[in-house]
J.: 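Got a structure for you, written out below as structure tokens; questions coming shortly.
In the text below, chain A, chain B and the rest are named by the order of the sequence lines, each starting its count at 1.
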Number of protein chains: 2
Amino acid sequence: MLDDLDRNLLEILVKDARTSLKELAAQVGLSSPSVSERLRRLEERGVIRAFTVEIDPLALGYTLQAIVRIRPLPGKLHIVQKLIEDIPEFSECDKVTGDDCFVARLFVRSIGDLDGILDRIADKAETSTAIIKAQPIRRRPPPLDATASRDRAKVLQAS
Amino acid sequence: MLDDLDRNLLEILVKDARTSLKELAAQVGLSSPSVSERLRRLEERGVIRAFTVEIDPLALGYTLQAIVRIRPLPGKLHIVQKLIEDIPEFSECDKVTGDDCFVARLFVRSIGDLDGILDRIADKAETSTAIIKAQPIRRRPPPLDATASRDRAKVLQAS
DNA sequence: AGATTTCTGTCGAGATCGTCCAGCATTTTA
DNA sequence: TAAAATGCTGGACGATCTCGACAGAAATCT
């Protein structure tokens, strides 16, 4: 479904999405029309979801990041979800198993903003907020090569 | 520090990082050399952290995503952090305030892989794992315009 | 097995795009 | 007020991308 050349292309593009077709072609050993065609199909198939820029939130004044766990009160699940979606400072929200129904990431410019936003859902859900102090790993794609962690573990055991 | 034109450019690029200078220039009402210069400076200042592609993890076989809260045992904090960083399936990790020291995002291809990875830190930290069932909000940048939530809240109060 | 279709690739030409440079207007500094 | 600095425009040049025609390998069908 996804051959070595594709993975190779993706790896290069993750690092720099502006790499020219010519350069990509040279690095994977194809002609640029071929690369162009492969990219087109990767997009068509949804493998490449988007070409985008990563923006430093600090540059926009967001000095604070928090992870908020949200437990809607009985019957309020959909209202809470809608509310979260409509607050643009929530940059990410996952619906998860377990007691916490949602885990969301919040960007704010000040503690005051944080309080203001949490207030807006306080009467519909219980929340636990954790302020982010550091980011040991900042958003990276999972490994592109086929060897999953379990495979590597096996190899390690064998050696 | 960041004027309307810059924000406008960023907004367009977030949606499609491949938008040509010509197109960007047309949309913000500048010439392409000017846009080029602005982008160069946005990168130089670190506002634009990178041009990248967003890849669908499913296309790579990662059918499962989990959020793992990690509490290293006494004295194991650094070892645990190093361990997490070295496991590529952890695509994100934040160091937060509160009982949970780390909150991390994990991509795996199977429940077996999940178990295998968590086993590797089980003797050095307590973990709580929540499987992601759905993603109401998938990674979006915080609002680019200057009006923070608190400002809007004030407006709402006033009306 | 052999023929046909499909898929994936190359090459070259024309169109498009990005970059460099000279010059101009506006703002800042002395 | 004069001088310097900043940010912009337009045009020319070079590089890049895209399109069409065609070739070879793999898969499919008879």
Side-chain angles (χ1 to χ4, degrees), chain A residues 1-62 141-147, chain B residues 1-63 109 141-147:
Chain A
M1 176 138 194
L2 208 68
D3 66 14
D4 287 347
L5 259 52
D6 289 328
R7 266 186 292 274
N8 211 327
L9 291 173
L10 291 177
E11 236 164 69
I12 300 168
L13 288 174
V14 164
K15 286 188 216 131
D16 181 6
R18 281 178 312 181
T19 310
S20 70
L21 290 183
K22 196 184 176 187
E23 176 66 22
L24 287 168
Q27 290 203 35
V28 303
L30 283 176
S31 64
S32 41
S34 297
V35 173
S36 177
E37 174 64 11
R38 273 175 181 266
L39 294 188
R40 195 193 60 72
R41 289 178 50 200
L42 286 171
E43 279 191 82
E44 191 187 56
R45 283 193 282 163
V47 176
I48 294 180
R49 223 144 39 186
F51 286 71
T52 187
V53 289
E54 213 186 291
I55 299 175
D56 181 5
L58 229 67
L60 302 172
Y62 296 95
L144 300 183
D145 49 55
T147 37
Chain B
M1 175 138 193
L2 209 68
D3 67 14
D4 287 347
L5 261 50
D6 288 329
R7 266 186 292 272
N8 211 328
L9 290 172
L10 291 177
E11 235 164 70
I12 299 168
L13 288 175
V14 164
K15 285 188 216 130
D16 181 6
R18 281 178 312 179
T19 310
S20 69
L21 290 183
K22 197 184 176 188
E23 176 66 20
L24 287 168
Q27 289 202 36
V28 303
L30 282 176
S31 64
S32 41
S34 297
V35 172
S36 177
E37 174 63 12
R38 274 174 181 266
L39 293 188
R40 196 192 59 71
R41 290 179 50 198
L42 285 171
E43 277 191 84
E44 191 186 54
R45 283 193 282 162
V47 176
I48 295 179
R49 224 150 31 192
F51 286 71
T52 187
V53 289
E54 212 186 290
I55 299 175
D56 180 6
L58 228 68
L60 302 173
Y62 296 95
T63 54
R109 299 188 210 249
L144 300 183
D145 49 54
T147 38

J.: Reckon B:Ser36 touches a base, only the sugar-phosphate, or nothing at all at heavy-atom distances under 4.0 Å?
T.: sugar-phosphate

J.: Let me confirm one number: the CG-CG distance from B:Asp4 to B:Leu9, rounded to the nearest 0.5 Å.
T.: 11.0 Å

J.: Measure CG/A:Asp3 against P/C:dC7 and give the value in whole Å, please.
T.: 16 Å

J.: Could you give the NZ-to-P distance, from A:Lys22 to C:dC11, as a whole number of Å?
T.: 14 Å

J.: Within the structure shown, what part of the strands sits under 4.0 Å from B:Ser20 by heavy-atom distance: base, sugar-phosphate, or nothing?
T.: sugar-phosphate

J.: In this structure, how many angstroms lie between the C1' atom of D:dC22 and the CD atom of A:Glu37, rounded?
T.: 16 Å

J.: What nucleic acid atoms does A:Arg18 come within less than 4.0 Å of, heavy atoms only: base, sugar-phosphate, or nothing?
T.: nothing

J.: Table please: side-chain donor-acceptor pairs of residues 28-35 of chain A below 3.5 Å, with sequence neighbours left out.
T.:
from	atom 1	to	atom 2	distance (Å)
A:Ser31	OG	A:Ser34	OG	3.0

J.: Once you apply a heavy-atom cut-off of 4.0 Å, does B:Arg40 come out as touching a base, just sugar-phosphate, or nothing?
T.: nothing

J.: Are B:Leu24 and B:Leu39 side-chain neighbours, meaning at least one heavy-atom pair lies under 4.5 Å?
T.: yes

J.: Give the nucleotide from the list C:dG18, D:dG7, C:dG9 with an atom nearest to the side chain of B:Leu21.
T.: C:dG18

J.: Looking only at side-chain atoms of B:Pro33, point me to the closest of D:dG11, C:dG18, C:dT10.
T.: D:dG11

J.: Let me know the distance between CD of B:Glu23 and P of C:dC17, rounded to the nearest Å.
T.: 9 Å

J.: For A:Leu39 and C:dT8, give me the distance from atom CG to atom P, rounded to whole Å.
T.: 14 Å

J.: So how far is it from A:Leu42 CG to A:Arg7 CZ, rounded to the nearest 0.5 Å?
T.: 11.0 Å

